[in-house]
Amino acid sequence: QDKEKLEIRKLHDPPSAETVRDMIKYARNVIEEFRRAKHYKYILYHLFIVFLDFFIPPSELLEICELSLDKMGAVFEESNVYMLHMMYQAMGVCLYVQDWEGALRYGQKIIRPYSKHYPSYSLNVASMWLKLGRLYMALENRPAGVKALKR
C-alpha cells in the first residue's frame, strides 16, 4: 500500500523525482514543527501558564496547516499520508476553536482515504467515524450523524 499512501498528483507534466523528494522533506519538516509547537503548548499548559494563546494562537496553527496543504497539494494527492496528517491536524485545530463546519470539512476529506489505507475495523477509521457522527449531530444533521455513528 505504500504506493497508494504516497500517491503523487497526476499532472500533465509529472513532478521530477527531485521535486517529490523535496516535498517529502518539506512535509516531514512541517509535521515535525507542528508536533513541536503542540508539544510546547502542552508543556506550558501543564506548567499552569495562563496566556497560552499568546504563545501559539490556534489561528496560526490552522494557517500553518492550510499553507502546508496548499504547498503539498501541488505535488501530492489528498490521499497521500502527508496530506492526511496535515488535514487531521487542521481538523484538530478546528475542533479546538469550535469551528464545527471546518472540522467536518476536513473529516469528510479524511474518511475515504482512511477507509482505503486502514483495515475496516481500524481504530483510526472508527475514531474518524465517531468524530464525524458527533459533528453531524452538533450541526443538527441527524440522519448523517446516525449513519456515521453506525459505521
Original post:
Between Gln98 and Trp100, is any pair of side-chain heavy atoms under 4.5 Å apart?
Top reply: yes

Original post:
Quick one: salt bridge (charged side-chain N to carboxylate O under 4.0 Å, His left out) pairs with a partner in residues 96-111, sequence neighbours left out?
Top reply: Glu78-Lys109

Original post:
For residues 67-76, which residue pairs qualify under side chain to side chain donor-acceptor pair (under 3.5 Å), counting only residues two or more places apart or in two chains?
Top reply: Tyr26-Ser68

Original post:
Under the side chain to side chain donor-acceptor pair (under 3.5 Å) rule, what pairs show up with a residue in residues 128-142, not counting sequence neighbours?
Top reply: Tyr88-Lys131, Gln108-Tyr136

How long is the gap from [atom1] on [X] to [atom2] on [Y], to the nearest 0.5 Å?
| X | Y | atom1 | atom2 | answer |
| --- | --- | --- | --- | --- |
| Ile110 | Asn124 | CD1 | CG | 10.5 Å |
| Met128 | Ile111 | CE | CD1 | 6.0 Å |
| Arg28 | Glu33 | CZ | CD | 15.0 Å |
| Arg151 | Leu132 | CZ | CG | 10.5 Å |

Subject >> Apart from Met137 itself, residues in the same hydrophobic cluster as defined by side-chain heavy atoms under 4.5 Å >> reply: Leu130, Val146, Leu149

Subject >> Other cluster members, Tyr121 - Ile/Leu/Val/Met/Phe/Trp/Tyr, side-chain contacts below 4.5 Å >> reply: none

Applying side-chain contact (heavy atoms from CB on, under 4.5 Å), name anything that partners [X], two or more places apart in sequence or on another chain.
| X | result |
| --- | --- |
| Asn29 | Lys25 |
| Ala103 | Met91, Cys94, Leu95, Leu135 |
| Glu32 | Arg35, Arg36 |

Subject >> ring pair (Phe, Tyr, Trp, His ring centres under 6.0 Å) involving Phe76 - partner list, sequence neighbours excluded >> reply: Tyr82

Subject >> side-chain contact (heavy atoms from CB on, under 4.5 Å) assessment of Glu77 paired with Ile8 >> reply: CA-CA 5 Å; Glu77 286 291 340; Ile8 304 301; over 6 Å; no

**OP:** Give the intermediate values and the outcome of side-chain contact (heavy atoms from CB on, under 4.5 Å) for residues His117 and Leu84.
**Re:** CA-CA 11 Å; His117 293 326; Leu84 289 171; 3.6 Å; yes

Original post:
Between Met72 and Ala27, what is the shortest heavy-atom contact and its length?
Top reply: SD-CB, 3.3 Å

For residues 13-20, tabulate all N or O donor-acceptor pairs below 3.5 Å that involve a side-chain atom, not counting sequence neighbours.
unit_1 : atom_1 : unit_2 : atom_2 : d
Ser16  : OG     : Thr19  : N      : 3.1
Ser16  : OG     : Thr19  : OG1    : 2.9

